[in-house]
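A short write-up of the structure that comes next.
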Amino acid sequence: MSVDACPGIGQRAVGAYLGLAVGDALGATVEFLTPREIRERYGVHRDICGGGWLRLKPGQVTDDTQMSLALGDAILNSRGVDAGAVAESFSDWMRGKPVDIGNTVRRGLVSYRSSGKAVVPESEYDAGNGACMRCLPIALAYWRQPEEKLCTASRLQCHVTHNNAVSDAGTETVLRMVVAALTGRPKESLQQLADELAHRHAVFRYMERRVENPGGWIVETLQAVFQAVFSNHGFESILVDVVNRGGDADTTGAIAGMLAGAYCGPDAIPDRWLEVLDDDTRKACRKQALDLISLAGQLVH
Ligand code: MN
Ligand code: MN
């Protein structure tokens, strides 16, 4: 597709946010199943039907989408990333008894409530995907900024719960890839960014073996996402591939969904998925995507 035929950045931002939410809702049904269990129960899992270990309603999303919205709200209120405001927004979200919450996230927020510090100590064990899964609002607000500013903002939000160099590196690459997609760069540019990550941190090398049943480790999560994004054409094929690998499928779905949605635009998302997506979530994602893109010219942090 030529650059002229691409939807504008606002539409790509909407595509990224709706992509994140439908990926989360689609993947949540098969979270923690193996590919074999998925085949036995669903054949190929390709419809947003709820259920799963969380017993979701069809179209209901999980922490991946909800924490993204909480981060985006904090960014809009502070006109940029203020770590204290982000921690407060996450803490409010946790108070609402979310349908699920990761252990590292819970530990970080409990520590924020008792210490008032919006940064956890550096830890080699905090290389989960919990900071990366919620990173989209950073890309939407900071896409016009120099890379150092994008990365500084990313680390502030990540370190509220996950202070780890591997999580930071993976998240910053996802952000750069989203920004590249938002600005209409071709898929090869996205792949170049993934390859640079694998070059700097060999642990991320993603072409050696097919990742199935990816766990919550950021490395396995991104390997599965990169394989699905780069070996399929079109939003639906990418998402169906990644969630049918099972494991942390709502999160691989969410991250693949934000990348593919930014790249393909919202019209590429199947109507049958958008129609079943929870109404309030769909409206919130669409509105926040546009609000964050408008904020991008007027950041104060
Ligand atoms: Mn989740
Ligand atoms: Mn998950």
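Worth knowing before you read on, the calculation uses all heavy atoms, side chains too, and leaves out hydrogens, waters and symmetry mates. Small disclaimer: the values here were computed from a predicted structure and weren't measured. Ligands are counted one by one from 1 in listed order, and the atoms in each one are counted from 1 as well.
Counting heavy atoms of neighbouring residues, nucleotides and ligands inside a 6.0 Å radius, atom CZ of R36 does not exceed 12 of them. The local environment of CZ in R55 is sparse, with at most 12 non-hydrogen atoms from other residues, nucleotides or ligands closer than 6.0 Å.
A side-chain hydrogen bond (donor to acceptor under 3.5 Å, both in side chains) check over residues 69-85, counting only residues at least two apart or in different chains, returns the pairs D73-Q288, R79-Q298. Counting only residues at least two apart or in different chains, ring pair (Phe, Tyr, Trp, His ring centres under 6.0 Å) contacts with residues 98-151 are absent. Among pairs with a residue in residues 36-82, those fulfilling ring pair (Phe, Tyr, Trp, His ring centres under 6.0 Å) read F32-W53, Y42-H45, at least two apart in sequence or across chains.
Protein atoms of type N/O/S that fall under 2.8 Å from the Mn ion (ligand 1) number 4 in this view.
Under a hydrophobic-cluster definition in which Ile, Leu, Val, Met, Phe, Trp and Tyr are linked whenever side-chain heavy atoms come within less than 4.5 Å, directly or via other members, L20 and L76 are assigned to the same cluster.
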